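Remember, it's 1-based here, ligands and their atoms both numbered in the order they're listed. All figures in this text were calculated on a predicted structure; none of them were measured in a lab.
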Amino acid sequence: MAATWLKDTVFYEIYPQSFYDTNGDGIGDFQGIKEKLDYILSLGCNALWINPCFDSPFRDAGYDVRDYLKTAPRYGTNEDLYRLFEEAHRRGMHVLLDLVPGHTSEEHAWFQESRKEEPNAYSGRYIWTDSWFRGCRNMLYVSGEAPRDGTYMLNFFKCQPALNYGFLHPEESWQMPMDAPDALATREAMKDVMRFWLSHGCDGFRVDMADSLVKFDDEKKSGTTKIWQDIRRMLDREFPEAALVSEWGKPVQALNAGFDMDFYLNWTGNGYNCLMREYENHPGTDEDHSYFRRDSEHDISPFLKEYMARYLATRDRGYISLITCNHDTPRPAFHMDKEELKMAYAFLFTMPGVPFLYYGDEIGMRYRRLPTKEGGYTRTGSRTPMQWREGKNLGFSDGRPEDLYLPVDPSGDAPTVEKQEKDPDSLLQAVRSILTLRHTFPDLQADGLFEPVQAEAGRPFVYRRGSLICALNASGKEETVSVPGKRVFLLGRCEKDGDTWKMGPQSFAVFA
Ligand code: NOJ
């Protein structure tokens with residue numbers, strides 16, 4: 001059973017580097033997040049996921065953790081983070097930190113010990129072969145870098161050696177079984193990291209690459225699943241309301257492993273990708289077939305086909321998390337305009353499960369092509385500073401523009417919170433009204449039943465949420481839908497016409 005507080009939760013993802021800088025060094029900080037909690041709450045988001053904010057050399061934006069138990073000084077001290085938890089809790093909000101269990105930075109003290117020639121307590125903390133000349137099968141590995149006679153496996157970038165959780169079917173002498181003392185020690189160490197932050201007030205974790213703790217032949221992820229089920233038992237005993245959301249992308253597996261929520265990630269050609277980013281082969285061109293483009297030719301069935309199977313298989317066990325975007329994904333405004341985004345968000349925020357809004361998507365911040373920063377590469381364009389108001393650095397920082405983590409959007413019409421607060425027709429106000437609607441009707445929240453009513457007869461999509469009916473016309477043309485009941489919410493235009501409703505281009509309505 002998922003943590004009970006998730007039933008009416010909407011998350012706001014914060015990339016801390018770029019959210020709000022209060023000390024003028026050009027990088028966001030905990031104090032900045034604290035000062036913006038009321039703003040986040042005013043949107044209707046009542047929980048945060050903060051990307052890694054731990055001590056790190058930042059070769060992968062903090063996903064290369066050097067010390068799991070210490071915050072990165074550029075964001076503030078551990079005490080500052082504890083105070084942020086308190087401030088959030090005072091407002092009824094929850095906070096997830098980002099747990100990176102699959103690898104550390106090569107600068108982590110565990111790895112510094114592990115790479116030594118003399119055997120020690122950390123020799124088995126990472127995956128090493130038994131000779132400088134032997135590689136790690138089809139996995140990336142590094143040789144010739146350590147005094148130790150062996151090569152070590154990588155989990156992502158070169159700076160991220162893979163932690164050792166053992167092998168499901170060890171085949172070679174250097175592969176340990178999952179219950180070997182060293183493999184169990186890694187698992188226990190990760191439990192201690194979780195205990196540390198949970199006992200200081202954090203409410204759970206987003207878990208990085210959660211599906212790949214066990215390497216090679218982890219059939220149907222059964223080894224990795226066992227580890228998470230064991231971790232879940234510890235949480236159920238010690239922190240029963242802690243919530244976990246996985247970067248897994250297969251909710252049937254992830255929820256079975258003990259996660260409360262699993263992200264529906266943007267993978268080329270999958271159901272989620274068809275909604276807002278179906279341009280993989282033609283980025284930056286007009287050849288975008290996403291359902292939420294007004295001139296799209298397809299209905300929503302490519303999404304539903306995949307989603308329904310997942311939803312039906314998991315609805316009693318936890319949640320699928322639909323996202324507007326994340327720090328690895330092109331922002332939705334890359335290819336969609338304000339009206340298109342309103343429809344996409346109306347849909348995402350009235351679906352079951354627990355939705356996530358990526359900072360800045362509420363104002364339609366753009367994706368920008370920028371030189372790489374902290375291992376971001378093409379992801380860098382989705383990580384630029386939040387645009388708060390007109391004027392210096394768009395209100396992100398009082399520092400010198402050349403010191404900013406990344407440059408702010410230089411366009412004269414860069415969207416800002418300040419402008420959109422004043423405009424009743426803005427994307428920001430639409431997000432607010434949809435999230436207010438979600439919080440008003442329990443049927444629209446995480447557990448309310450979902451059932452498509454009209455999906456394959458052209459562009460309109462009509463769906464039931466409990467006792468409510470939602471009708472969405474994502475197209476640029478007027479469409480007719482047949483829906484019973486009284487209209488209780490409207491974005492755009494929707495007029496009664498005898499027994500049917502005429503829905504204006506890009507309109508969304510809810511009926512009770
Ligand atoms: C997934 C994270 O979302 C991404 O940003 C990171 O680079 C990799 N995992 C490696 O930790």
Visitor: For ligand 1, which atoms, with element, lie under 4.0 Å from some heavy atom of His327?
Guide: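 Counting atoms of ligand 1 from 1, those under 4.0 Å from His327 are 2 (C), 3 (O), 4 (C), 5 (O).
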Visitor: Quick one: do the Asn46 and Tyr12 side chains pair a donor with an acceptor below 3.5 Å?
Guide: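 Checked: Asn46/Tyr12 side chains show no N/O donor-acceptor pair below 3.5 Å.
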Visitor: Any atoms of ligand 1 less than 4.0 Å from a non-hydrogen atom of Met209? List them with their elements.
Guide: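 So the answer, numbered in order with elements, is 9 (N), 10 (C).
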Visitor: Please write down residue, atom name and distance for the protein heavy atom closest to atom 3 (O) of ligand 1.
Guide: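 Atom 3 (O) of ligand 1 sits closest to the protein heavy atom Asp328 OD2, 2.5 Å.
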Visitor: Atoms of ligand 1 less than 4.0 Å from Arg379 heavy atoms?
Guide: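 Under 4.0 Å from Arg379, ligand 1 has these atoms: 4 (C), 5 (O), 6 (C), 7 (O).
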Visitor: Using a heavy-atom cut-off of under 4.0 Å, does the side chain or the backbone of Arg59 touch ligand 1, or both, or neither?
Guide: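 Neither part.
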Visitor: Below 4.0 angstrom from a heavy atom of Glu247, which ligand 1 atoms are there? Numbered from 1 as shown, please.
Guide: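 So the answer, numbered in order with elements, is 1 (C), 3 (O), 9 (N).
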Visitor: Parallel under 30°, tilted from 30 to 60°, perpendicular over 60°: which one fits the rings of His103 and Phe156?
Guide: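 Aromatic pair His103/Phe156 classed parallel.
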Visitor: Do me a favour and list the nearest non-hydrogen protein atom to atom 7 (O) of ligand 1 with residue, atom name and distance?
Guide: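 Of the protein heavy atoms, Asp60 OD2, 2.7 Å lies nearest.
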Visitor: Quick one: does NZ or CZ of Arg187 land under 6.0 Å from the six-membered ring centre of Tyr165, within 45 degrees of the ring axis?
Guide: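 No cation-pi geometry.
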Visitor: Can you establish whether the number of heavy atoms outside Lys36 located under 6.0 Å from its atom NZ is more than 12?
Guide: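 Yes, NZ of Lys36 has more than 12 neighbouring heavy atoms, counting only those of other groups under 6.0 Å.
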Visitor: I'd like to know whether NZ of Lys338 has more than 12 heavy-atom contacts from other residues, nucleotides or ligands below 6.0 angstrom.
Guide: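 Correct, the count exceeds 12.
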